[in-house]
Structures are given as structure tokens and as C-alpha cells.
Number of protein chains: 2
Amino acid sequence: MAGQVQRQTGVALWRQIADRIRQAISAGAYDETGMVPPETVLALQFGVNRHTVRSAIAALAQEGIVRAVQGRGTLIERKERLNFPITKRTRFTTGIGEQAREMRALLLSHSEEKADADVARGLKIRPGEPVVRMETVRKADGRPVSCATAWFPAARFGGMPDAYKRTESITKAFAELGLSDYVRATTEITAVHADEADTAALELAPGAILLITKAVNTDLEGVPVQYAISRFAADRVQFTIEN
Amino acid sequence: MAGQVQRQTGVALWRQIADRIRQAISAGAYDETGMVPPETVLALQFGVNRHTVRSAIAALAQEGIVRAVQGRGTLIERKERLNFPITKRTRFTTGIGEQAREMRALLLSHSEEKADADVARGLKIRPGEPVVRMETVRKADGRPVSCATAWFPAARFGGMPDAYKRTESITKAFAELGLSDYVRATTEITAVHADEADTAALELAPGAILLITKAVNTDLEGVPVQYAISRFAADRVQFTIEN
DNA sequence: TATAGTTGTCTATATCAATAAACATTTAAA
DNA sequence: TTTAAATGTTTATTGATATAGACAACTATA
């Protein structure tokens, strides 16, 4: 873990250090001991006071990633990064499903609305045409992985919210509505800092990073059936594109 | 631009606000006027003091994104986000090339070394086999877009650094070395906070986000010819995956 | 030439972030 | 039972961050 922390950047040192340790844990840097190095060692490594390191560790403990035990050291509690393959047949459940014991997909809310310019472009319909909108959260072993907003053409998939709520699966919901197969047409990926709403919904550390995908799924004739903007907790996932 | 800023997160308010404004500019939120809203309006919007907004704007001015003019307002100087398609035939120059006036690819350093476990897995060779390693920076219109570390099997592509330095293109360098075509096999995408070295190399705002790709290119027989880890300035690029 | 609207500067104060040094408490091993 | 090594607590001090209010300087427009 080379490289020093930066001062006067608007990002507190304890937060930079917390981010670095979280990343090191996720990369398996402390797998031999299962513990974070002693506070004094970290303080020396980062060139800061021990109290600053303690603030960082307190933040990681708050996230449930480590647990400090007096006299022993700081134990690593959780170490995860889910892999999410993006392919022509991208499905959440088969992509992440095998990597976690329990998968949940929750429908937070839904509504019928008119397509705005962005949605219309994604679904290749005219702006103003009716679409069904769903807000969902997906969890792996109880931990939120992503928030998503998805739109479907209302005429064809008006029953989507109901079917999704029952099946907890886009694929199964599509099947119930008569669409047995679909493919991923395009995926757009960006990264931003999480805003307040997503920080709460994804149970993130404040100021955390989101990976954002904008995806279009089509039926086998190439007609768009779903446009979705998903927001992933960047420190819990990675994407893999296989060509 | 809904949502308030968060306090006591280790990320200074002026920095959160700078990030939000930068993003809003990039999304085209102020295209009508070409100006950022007045400081008093922003202060009200974000629920902070005007001085805090001024700190944010000062940071953006430092980055060259806006320019504050007394009596007039704060003008938007630069507004960019390059699109980077990831396909079977992913090439940097054809992907980004058309979106910028001038493209440069600079070789910072290179060396011959033994493949470590990660590189060996990528190139499907045995750990310890000789590889050529190159550190490169790619720029669009003078602004750094990405830093990359690339490895090539030394036996086959020992001349890579020299060819790359002359041609400023992986594709052309491969061609010179007898490989007329290659395809992208896998791409892995993650996001992290930039460390000090990348902040400097990419001329980033401190604490900025990096999009990281780990990619393997193979020849037409499927033999790996390149393994590369690229680090992109997240607020300057987006990836598009077409299936 | 006023005037409204904007950015620039100044002073003062409160809170958060970071350092420093010393000591207490707990754990594990000698 | 010591002892070393680790985390926990306390106090004090400094610098960065944020708020508050007032006023100056500049621009565009009525």
C-alpha cells in the first residue's frame, strides 16, 4: 500500500485512510493474518498521527468491515467484491447469484408515466408514450448491492411491477408476460460520488463511489423491452465484459 | 440537482459541492446560459454559506472548468465526457479519436520483467516468464484521459516499447511486429478513489474517482498478446458496451 | 447615469480535523 | 506472574473548514 495521503484536498485524512484500508482488505492484502496492521504501524505508513488512523478504523468498524479488540488488534470481519459479468445474456441472478448465499430483489415503488427524452431514446419510442417505471433494490446476503430505476413500454409490460414483486426476477417476470428470452443491447458505464439518497439506500459510507450502468435490453427481434439505470456500490462489485 | 450535501463525512462541503457542480456541467445542466448559477443561488440550493460555494468554485476554476468574472458571473470554460466503446475490436484511437481534435499516446517508461501471478493469469503464461512492461499516458486535446500499465510476452513483442513510442498506437505497433489484427477477450471494470500518483499523472482534482479496466487482448487464435490495467479519470470518460 | 445583480474582500466566530504526549486497559505469550 | 504489544481514554493545542455579516468593485441594462 504505497503512496502517502494528501492534505488540504477537502477529503479528510481519516477518510482517505479508511478508503485505502478498505481497498487493501478487498484486495486481500491482509489475508495471512486476517487482521489490519497495528495502529502505530499504519500511522507510520501513512505519515499521520495514531488518532487519525483510529478515526479511519472507527469508520470501517461502523461499516462492519473490521472489529477492533483491545489488546489483540483489529480483526477483518467482511471482505467482499461481487463479480458481475456483462454479456449478451446479462442477468442479475445468474451473474451474482452463485457468489452469495441469499439473493433478494425488492420493488420499492412503481408508477406509470410518460417517457422523457432519455427513456424514449433508450426504448426507441416517442417521448410522451406511456412507460412503466420501477425502483428496485437488489441485495446479496442482506447487503444492498445496487439500486435500479427501470422503464418498460407500458402497452406490452403493464403487469411488470406485479410480476417482479412476486418473482423477484426480471427474467421470470418477462417470462410470465410472454417474453421468454431477451438480450442486452447496450451498456453504458460511468462512476460518480453517491448522493444522499443512494448512500442511504445502499447503506454506504458517506462520499462513497457508485458505478452507474445505463442498459438497454431487447427482445430477439431487437425491439427494446427494458431501459434501466442501475447504481452499484463500487466497493462491493466489479464488472466483467467477455467478448 | 436535488439532494443536499452531507456533513461530518470526512469530505468537506466545498468539495462535495465542487463535485456536484462539475457533474452538472458535464451533464449539460447549464447549457442554456453557459454559466453556473450565482453564488447566492447555489448557496441556497445546497443549504450552505455563500463562502462555502465560493471555495467550491475556486477549486473548479483551478481545474480550468469555470472562470469567475466579477460583476458578470461564473462562466463555463470546459465541458467534457469522452465516450469509450468497449467491443471485440476495442481500440483507443478509433474509440476516442473522433471526439477530440488531438490525440497523444505517450510512453512514460518501460522495462523487461518476470510475470507475476496476476500478469501470468492474464497472458496465460507461467509466472516468471519474461514480459515487457510499459507505462503510458493517453491525452485528448492535451488533457490526460488515462494512465495504463501494459504487459506483453517478451519473446514475441520485445520491440513493443520502441514501436509504440514511434507510432503512438498499440494497433500500429502490433502491426509493425507482425500482428495485423487482435481482439479484446475480457474487460474487467472497477472504480476507486485516485491515489497520489494517478492524481498527479492525470491532473485530477484531489480525491477524484478512477475507472479501472483490466483488459486482455488476444490474437485471432485466442493467444493473449496484451494484458493491460488502465486507469481513467471517471469525470472525463464513460464506457459503452455494445453486444 | 442610476440601479440591480454579480463576484471580490474583510473580520469575527464556531466547529471539525489533526497532532502531541501521557497513561489506562486488555490480550497473549514468555 | 511478568511483560510486551495492542487498543482505549484523556487533555491540550493548532490548523482547516464553515458560518455570519458587511461592504467594495465590477458588469450590464434600464
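All heavy atoms count here, side chains included; hydrogens, waters and symmetry mates do not. A note on names: the letters A, B, ... follow the listed sequences, proteins ahead of strands, and every chain is numbered from 1.
In this structure, A:Gln226 contributes its side chain and A:Ala150 its backbone to no donor-acceptor pair below 3.5 Å.
The CE atom of B:Met35 sits 8 Å away from the C1' atom of C:dT6 (whole-angstrom rounding). Summarising the geometry, the separation between CG on A:Asn49 and P on C:dA18 is reported as 11 Å, rounded to the nearest angstrom. In this structure, CG of B:Leu75 is placed 10 Å from P of D:dA28, rounded to the nearest angstrom. To the nearest angstrom, C1' of D:dA18 lies 15 Å from CD of B:Glu39. Atoms CD (B:Gln16) and C1' (D:dA18) sit 13 Å apart, rounded to a whole Å. Taking atom CZ of residue A:Arg15 and atom P of nucleotide C:dC16, one finds them 16 Å apart after rounding to whole Å. Protein atom CH2 of A:Trp14 is 14 Å distant from nucleotide atom P of D:dT17, rounded to whole Å. Atoms CD1 (A:Ile76) and P (D:dT7) sit 13 Å apart, rounded to a whole Å.
Distances were taken from every side-chain heavy atom of B:Arg72 (C-beta onward) to each of D:dT27, D:dG8, D:dT19; the shortest belongs to D:dT27. Nearest nucleotide to the B:His51 side chain, out of C:dT7, C:dT9, C:dA18: C:dT9. Taking the side chain of B:Gln70 as heavy atoms from C-beta on, and the options C:dT7, D:dT7, C:dA20, the nearest nucleotide is C:dT7. Here the side chain of A:Ala12 is nearest to one of C:dA18, C:dA20, D:dT7, namely C:dA18.
Among all heavy-atom pairs drawn from B:Val137 and B:Pro144, the shortest one is CG1-CB, 4.4 Å.
Salt-bridge check for B:Lys114 with B:Glu129: failed, with every basic side-chain N at 4.0 Å or more from each acidic carboxylate O.
For B:Arg50 against C:dG8, a side-chain N or O and a base N or O form a donor-acceptor pair under 3.5 Å.
Of the two residues near DNA chain D, A:Ala68 and A:Gly10, the one whose nearest nucleotide lies more 5' is A:Ala68. The residue among A:Arg54 and B:Val69 whose nearest nucleotide of DNA chain D lies closer to the 5′ end is A:Arg54.
When the side-chain nitrogen and oxygen atoms of B:Thr52 are compared with OP1 and OP2 of D:dT17, none of them lie within a distance under 4.0 Å. Phosphate contact (OP1/OP2 of D:dT7, side-chain N/O of A:Thr74, threshold under 4.0 Å): present.
Within the 4.5 Å cutoff, the side chain of A:Tyr30 has no heavy atoms near those of the A:Met35 side chain.
Residue B:Arg133 holds its CZ atom at 8.5 Å from CG of B:Asp116, rounded to the nearest 0.5 Å.
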